[in-house]
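Here is the structure we will look at, set down as structure tokens.
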Amino acid sequence: MTEGLPARDDGEALVLVMEAGIGAPEHDDERAVVLVETGPDGAQRMRRVVTRAELAAEVGRRERTGAEEGRPPRWVWADTSRWAPDLIAAGVRVERCHDLRLCHRILRASVLSATSELARAPRGPWDESPGTPAVTQGVVPLDLGIDPDPHGGAWAGDAPGAAGDALSELRRQLAAVDGSAEPGRLRLLLAAESAGALIAAEMHHDGLPWDVEEHDRLLTEALGPRPSGGRRPARLEELAAQVRTVLDRPDLNPDSQPELLRALRAAGVPVTSTRTAEIRAAGHPVSAPLLAYKKLARLYSANGWHWAQAWVREGRFRPEYVPGRVVTGRWASSGGGALQLPAAVRAAVRAEPGHRLVVADAAQLEPRVLAAMSGDAAMAAAGRSADLYQGLVDAGVVATRTEAKYAMLGAIYGATTGAGGALLPRLRQAFPAAMDVVERAARAGERGEVVATWLGRTSPADEVTAALRHAARAEGADAEQVRLARRRAQDHGRFTRNFVVQGTAAEWALCWMAALRRRLRALPGEPRLVFFLHDEVLVHTPTGIASRVAEAVVEAATEAGRLLFGSSPVEFPLDVAVVESYDEAA
DNA sequence: AGAGGTCGCGCC
DNA sequence: AGGGCGCGACCTCT
């Protein structure tokens, strides 16, 4: 089922942007940038050299002429996080790009491009991990084969054998895609990954609107006024005092896990760790004040005043988003824990005057993705209702919505025991095709094999699992070796089982955002994507077009489903809310 | 003093 | 429970 996937666009112009890597860093504006325009076959059409200071104007010009002809170019560069921020700061937001480093990483590992020259070549500069500070801030260590004099004219971009040469790399990538058994899937994946890199750069630039006063209000309400010096807030101090009294340890520091654990055990509290669940289960008089302390201490240290001072500037929280850092294809973030923004502080995410936040999240995304990728008609039918979990209840698969949720998540995460594990036979009976997809992925992982997402992103090779398995099967293997191999196989099987679903959900989400971004660009008033959380987006928009933005978000979800799964009957409904602050969304 | 490891908990 | 993360606090080692 590939009818939605893009065919090669032979009319698309690719414009490489490369740094010549010359000039002293203190004269950054004068550093040379080389632009090379090619067709999708990699044949060179035009090249020019500009200074870094001239780049944004040059890119903006080419982008406009492309847009007028209805064919914006695709900008090709080593690393979006190195080029896009300056362009965005200069007011230039390109329509599309191709991030060589992110795409290289996908093609290097993908089962769909395994026989390509790119995949079989030894590791080189393009295998360096993307998004690391050394890569994004330093000069990319590429041998571009460029004459160091930007006005000298001589240029050796076609010099063979230069492993770091961006044009050669682009050609290798295009060849890997064209030579793949599933070029449409890879093409979509690379385009989506690259669009994600653009979005990440734009979201960092735009930032999440953050109301520092509201944040201070809710912190003060929970913790007491902001303390001076290194002291704890009043409410935390009170709770600490209660804990000390109950445990009869006047000098206890409740922030120290070993100290706290010793004190709890000395007081006869039956815990083996300081985990919240154990403390709650103990039902001891210390439980209530200690649990309250832990909750507030977390808020204070992770998202308190100090956090705001470090990460919020001029009313915006600007974390760094790092596409491609999570093996499954999900984004990671760095700086301020953007992807763990707790519910307790979301009231501080407030639209600016005259604006609204459009908050949208995909309902039960992972189960729906599983239904689509497996072509499981029964599961698709259960997902016809807006709430897939309720759909399972209505179909008579399980008795309650809670059971449905546990069972589905258990199937996707690899539960073996407990409520989730117990319900698996019911799911297997009701949705054999869907369960077959995850169980085959699990078995492959247990054997130490790789698995791939719908679009071809492939799990990292795991030699350890395979080696342990081999050792355990060898003549004379002892029980300990067998136990170790089995344990490792089970762990890796759970990982690969989850990989195919989480990774495909990440692909859907990338397509969703890319489709949304394109729609937002066509709207007036500059509505901006300002937050992304795996299956959820926030758009900051002028109030007057908020309803059009909400429509665009829904249309983009439908488009994402079509792009990935063609005519699959699986729907991807959203919960959409137009609100003034994030906490108002359900 | 600083690096690195572990725990625990926030998000999906 | 089971998958994927980032981060802060504490602790240990160097």
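The chains referred to below are lettered A, B, ... by the order of the sequence lines, with proteins before strands, and numbering in each begins at 1. Heavy-atom basis, side chains included; hydrogens, waters and symmetry copies ignored.
- Residue-level contact check: A:Arg330 touches the bases, meaning some heavy atom is under 4.0 Å from a base atom.
- The aromatic rings of A:Phe572 and A:Phe565 sit parallel, their planes meeting at an angle under 30°, below the 60° perpendicular limit.
- Atom CZ of A:Arg280 and atom C1' of B:dC9 are 12 Å apart (whole Å).
- The nucleotide whose nearest atom lies closest to any side-chain atom of A:Gln340 is, among C:dG3, C:dG8, C:dC7, C:dC7.
- Comparing C:dG8, C:dC10, C:dC7 against the side chain of A:Asp255 picks out C:dC10 as the nearest.
- If you check distances only, the side chain of A:Arg325 never reaches the base of C:dC5 with a donor-acceptor pair under 3.5 Å.
- Contact annotation: A:Asn253 reaches the phosphate of C:dC10 (side-chain N/O to OP1 or OP2, under 4.0 Å).
- Using a 4.0 Å heavy-atom distance criterion, A:Gly335 is classed as a sugar-phosphate-only contact.
- Among the nucleotides C:dG3, B:dG10, B:dC9, the one closest to any side-chain atom of A:Tyr413 is C:dG3.
- Relative to the ring axis of A:Trp311, A:Arg318 does not place its NZ or CZ within 45° and under 6.0 Å from the centre.
- Side-chain atoms of A:Arg298 and base atoms of B:dC9 include a donor and an acceptor less than 3.5 Å apart.
- The side chain of A:Lys295 lies closest to B:dG10 when the candidates are B:dC9, C:dA9, B:dG10.
- Here A:Ser256 reaches the OP1 or OP2 of C:dC11: one of its side-chain N or O atoms lies under 4.0 Å away.
- Between the P atom of B:dC12 and the CG atom of A:Leu538 lies a distance of 12 Å, rounded to the nearest Å.
- The A:Val327 side chain lies nearest to C:dG4 when the options are C:dA9, C:dC7, C:dG4.
- The CH2 atom of A:Trp307 sits 21 Å away from the P atom of B:dC9 (whole-angstrom rounding).
- At a cut-off of 3.5 Å, with distance as the only test, a side-chain donor of A:Ser581 or A:Glu584 sits close to an acceptor on the other residue.
- Rounded to whole angstrom, the span from the CG atom of A:Leu299 across to the C1' atom of B:dG8 amounts to 16 Å.
- In this pair, A:His534 and A:Phe532 present their aromatic rings perpendicular. The plane angle is above 60°, beyond the 30 to 60° band.
- The nearest whole Å value for the distance from the CG atom in A:Asp535 to the C1' atom in C:dG3 is 15 Å.
- For A:Val326, whose side chain is taken as the heavy atoms from C-beta onward, the closest listed nucleotide among B:dG8, B:dC11, C:dC5 is C:dC5.
- Residue A:Ser334 places its side chain closer to C:dC7 than to any other of C:dC10, C:dC7, C:dA9.
- Aromatic ring centroids of A:Trp307 and A:Tyr300 lie 6.0 Å or more apart.
- Considering only side-chain atoms of A:Arg346, the nucleotide from C:dC10, C:dG2, B:dC12 that sits closest is B:dC12.
- Between the CD atom of A:Glu507 and the C1' atom of B:dC12 there is a distance of 17 Å, given to the nearest Å.
- In the model, A:His540 has no side-chain atom that pairs as donor or acceptor with a side-chain atom of A:Asp206 under 3.5 Å.
- When heavy atoms are screened at a 4.0 angstrom cut-off, A:Ala343 is found touching the sugar-phosphate backbone but no base atom.
- The phosphate of C:dG2 has neither OP1 nor OP2 within less than 4.0 Å of any side-chain N or O from A:Arg494.
- Here A:Val501 lies out of heavy-atom contact (under 4.0 Å) with every strand.
- Counting to the nearest Å, the C1' atom of C:dG4 and the CZ atom of A:Phe495 are 8 Å from each other.
- For A:Ser194 (side chain) and A:Ala191 (main-chain N/O), no donor-acceptor pair under 3.5 Å exists by modelled atom type.
- When distances are taken from the side chain of A:Ala415 to each of C:dG2, C:dG4, C:dC5, the shortest belongs to C:dG2.
- Rounded to whole angstrom, the span from the NZ atom of A:Lys294 across to the C1' atom of B:dG10 amounts to 13 Å.
- Toward the 5' end of DNA chain C, the nearer of the two residues A:His534 and A:Tyr406, judged by each one's closest nucleotide, is A:Tyr406.
- Counting only heavy atoms from C-beta on, A:Thr328 has its side chain closest to C:dG4 among C:dG4, C:dG2, C:dG6.
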